[in-house]
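These numbers were taken from a predicted model, which means no experiment stands behind them. Note that ligands are numbered from 1 as they come in the structure, with each ligand's atoms numbered from 1 the same way.
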Amino acid sequence: MNASDDGRDGPAPRVGPVPAEEPHFRPYQHPAAGWGAAKSVGRVLFRERALVDGPRAIMRMNHENTGFDCPGCAWPDDTKGLRLDICENGIKHVTWEMTHKRVGAEFFAAHSVTELFGWSDFDLEDQGRLTEPMVYDPESDHYVPIAWHDAFELAGTALRELDHPDQASFYTSGRLGNEATFLYQLLARELGTNNLPDCSNMCHEASGRALQASLGTGKGTVDLKDWETTDALFIMGVNAASNAPRMLTALAEAYHRGAQIVHINPLVEAAATRTIVPHDFTDMALFKPTRTSTLNLQPRIGGDMALLRGISKAVLEQAKSDPKALDQEFVDRYTAGFDAYRALCEETPWSEIERQSGVDREDILKAARVYHDADRSIVSWCLGISQHEHGVDTVREIVNVLLLRGNLGREGAGPSPVRGHSNVQGNRTCGIDHRPAEDFLRRLADVCGIDPPHAHGLDTVGTIEAMRRGDVKVFVGMGGNFALAAPDTPYTWEALRKCDLTVQVSTKLNRSHLVHGRRALILPCLGRTEKDHQRHGIQSTSVEDSMSMVHLSVGMKRPASKRLLSEPAIVAGIARAALPDSSTPWEWYIEDYDRVRDTMARVLDGFEDFNRRVRLPLGFRIKQPARELVFLTPSGRAEFSTAPLPDVVPDRGTLALGTMRSHDQWNTTIYSDDDRYRGVRNLRTLVFMNEDDMRERGISEFDPVDITSTAKDGSHRRLSGYLAVPYDIPRGCAAGYMPEMNVLCAICDYSTQSDQPLMKHVRVTVAPAA
Ligand SMILES: Nc1nc2c(c(=O)[nH]1)N[C@H]1C(S)=C(S)[C@@H](COP(=O)(O)OP(=O)(O)OC[C@H]3O[C@@H](n4cnc5c(=O)[nH]c(N)nc54)[C@H](O)[C@@H]3O)O[C@H]1N2
Ligand SMILES: Nc1nc2c(c(=O)[nH]1)N[C@H]1C(S)=C(S)[C@@H](COP(=O)(O)OP(=O)(O)OC[C@H]3O[C@@H](n4cnc5c(=O)[nH]c(N)nc54)[C@H](O)[C@@H]3O)O[C@H]1N2
Ligand SMILES: [Mo]
């Protein structure tokens, strides 16, 4: 990474491992998952020396309330119960946590922070699990051991001594279980701040806001059963084979059933071709692939809204001769704003739709026909839709399309965002929100006897800016890797370094431990696979998946070290030290998480009888008012939106760059330099480009290039020496990997609709390396 002014001497650290061989690129020809995935799993188990524990743990993953929830993604568990519902990347993720390697006091004694700073992010995490709390010692520039009690005191004192609680910010990464989440937000609010940034601010913030505005609920309305009964699936802006691999099973089943599957993505990702479902042992044995797509459309980056508008326009045109094209009864009974939306669709010329989407009218009509012929449709999406300036408008346009044909509130139909982290949705449900609802605050005050602040707090971008100004002085990271995941790497690093204290609750060593405040703590915690032993016995925690199912997760492995604490215990420890007079029974809660759940049941909507219902075999589903056609919107109806199409066509000479994940990484955790499904080996510092765009710039395959971004405020950022890879991507578009490319994402480049960083639409020029 070319973050030059990082404040520590030495060469700029790299993210991925040093590849053993030369870069290699050949388009991938095989079905997704299948034996390629099986082989890859074997390699990972071997590397982490988890050949015995690994397979044993995998058998306990995602089983009815007897195992732990796969931390790999938020895809729901198989509704058929006990089935081996696992995937390659989930296994990689679990084995990563279960590694036998350890990072303890001796390790930190042997390596100064400045030395470690020079290591690659891959090497940092590859050292294994953290085993004891550590504090930064500026004298020696080493992390040194600290007792838990003293660590809590240090954090508590720093929080107590702030002039105002808003000088602290409490970040959450989406791994955190519901019980710890609830306690964490209680700590922040009892202290007196709503500064609760989370990874969602960079992920699905736009989806939540849009669904809230259109339907009065910030979540999708469908569940897996709907996926199993729908006639048409529209899969937008998600690389499912890598990032939600268990979706492949659903796609294959849909195909067998004769459902239509339309993929809308600038790249034809592996899930848009064929798959061999890994737990279908016959297909595996016979190498028998199933198609997972019936139509692929490749819009330009940011072109989805225009494409969706085109589908609506076509449906409305069709409705003139075929009244069944439109569900007029549904529209009349349940929606508001239809006439204005119809007028807008009629006014938007096809030429504009084609230009903005980058897709021909003829192809849009194909998708429209699929939509119109299907009795029930689901639209599913992820970051390719949300991380844009107009992410909120685009998700609302998805809802517009669905409303036209009454695809809501009935089986097999509705919006279905694919969430990221395994409990990111649960975090929001349980109170991680810098803009909390008044209703929620009132109940929190009543039940917990606190006086929570009402002013909105800071989100991720807001926190970075406030740290940089010196307005936030204490940063607590509850999981995650803020330093690397956040935009504008050098800027974010400068901001973190201005803090008085940074506290990171983590399982593994990462960049956020090395880019720290004047004082810094590393607080190591149990992972989800591990036994959480408290006074009243082994505790379980609950999580909520993408489809609002809440269920228990119980770790079964011996903890990586005796000195680890659970996340709830760490929150309680900090809370007691920061709020010595608090009447919240922090210690009592930790003795038995059922007690936390009993309190949650009284505060949170839809959590009545929490302890009993969460123990049902598949847990329970949080009620979705919109699913019951109850719309908590101002009009009491589902609201059509009428946003104008944004101009997303890149200026001459510039490209729209999307930053994304490779197959072999989990956000900032990098497993290797390979991206199997995109045919890349031994290379992460690349940029995928259209061949014509390369030719026009005099660039050939693997030529080194400089990538320069231009921010909204006109400032420039640059990455040098990246290798160009010719790829099947629309002209004017380019793609490459996060988190390396965060260097190009300016802090000021966030959406005015969602405050979400524009990680899929970075304005860049690419030129042969100087
Ligand atoms: N193995 C693994 N699983 C993961 C993760 C991981 O890193 N590794 N991360 C987790 C997290 S936190 C999240 S949020 C999800 C992320 O899951 P994804 O959303 O799949 O994440 P990305 O890798 O960013 O891929 C974005 C996809 O959007 C497409 N795209 C880019 N721009 C556009 C556009 O303008 N329009 C459309 N239609 N498509 C576009 C890209 O081609 C790519 O296919 O996955 C979760 N699951
Ligand atoms: N350019 C660009 N940037 C992006 C994105 C993008 O698409 N493009 N995507 C954004 C998105 S969607 C997201 S969600 C964020 C991700 O941002 P984060 O959630 O902050 O980052 P992760 O890489 O998921 O965090 C990994 C770290 O979590 C810690 N960890 C793992 N398991 C546990 C656990 O059980 N408990 C605790 N306490 N810690 C644990 C480990 O120490 C590990 O190093 O990145 C965002 N950044
Ligand atoms: Mo995410």
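Put simply, the side chain of T669 never gets that close to the backbone of Q665: no donor and acceptor are under 3.5 Å apart.
Counting the atoms of ligand 1 from 1 in the order shown, those under 4.0 Å from a heavy atom of D304 are 34 (C), 35 (O), 36 (N), 37 (C), 38 (N). For ligand 1, the atoms sitting less than 4.0 Å from at least one non-hydrogen atom of H388 are 34 (C), 35 (O), numbered in the order shown with element in parentheses. Each of the following atoms of ligand 1 lies closer than 4.0 Å to a heavy atom of G302: 34 (C), 35 (O). Applying the 4.0 Å criterion to heavy atoms of E269 picks out, from ligand 1, the atoms 41 (C), 42 (O), 43 (C), 44 (O). Near I264, meaning under 4.0 Å from one of its heavy atoms, ligand 1 places the atoms 38 (N).
Not a single heavy atom of H663 sits less than 4.0 Å from an atom of ligand 1.
Between the side chains of Q756 and S751, not a single donor N or O lies within less than 3.5 Å of an accepting N or O.
Under 4.0 angstrom from ligand 1, there are no non-hydrogen atoms of A240.
In this structure, Y671 OH and S662 OG are separated by 10.0 Å, a value rounded to the nearest 0.5 Å. A distance of 8.0 Å separates OG in S506 from CG in N481, rounded to the nearest 0.5 Å. Atom CE of M547 sits about 13.5 Å away from atom NZ of K219, to the nearest 0.5 Å.
For D673, the salt bridge (charged side-chain N to carboxylate O under 4.0 Å, His left out) test picks out no residue, with sequence neighbours left out. The salt bridge (charged side-chain N to carboxylate O under 4.0 Å, His left out) search around D749 returns none, not counting sequence neighbours. Residues satisfying the salt bridge (charged side-chain N to carboxylate O under 4.0 Å, His left out) criterion with R661, sequence neighbours excluded, are absent altogether.
By the 4.0 Å N-to-carboxylate-O rule, R678 lies close enough to D675 to be salt-bridged with it.
The shortest N or O to N or O distance between R300 and ligand 1 is not below 3.5 Å. For ligand 1, the polar-atom distance check finds an N/O of N265 within less than 3.5 Å of one of the ligand's N/O atoms.
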For W493 and F117: C-alpha separation, side-chain torsions, deciding distance, then whether ring-ring contact (aromatic ring centres under 6.0 Å, His included) applies.
CA-CA 12 Å; W493 290 8; F117 181 80; 5.7 Å; yes
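Residues lining ligand 2 at a heavy-atom distance below 4.0 Å are given as W96, E125, Y171, S173, R175, C199, M202, C203, L383, Q387, H421, G479, G480, N481, A485, V505, S506, T507, K508, N510, C525, E567, T659, R661, W666, N667, T668, M738, N742, M759, K760, ordered by chain and residue number.
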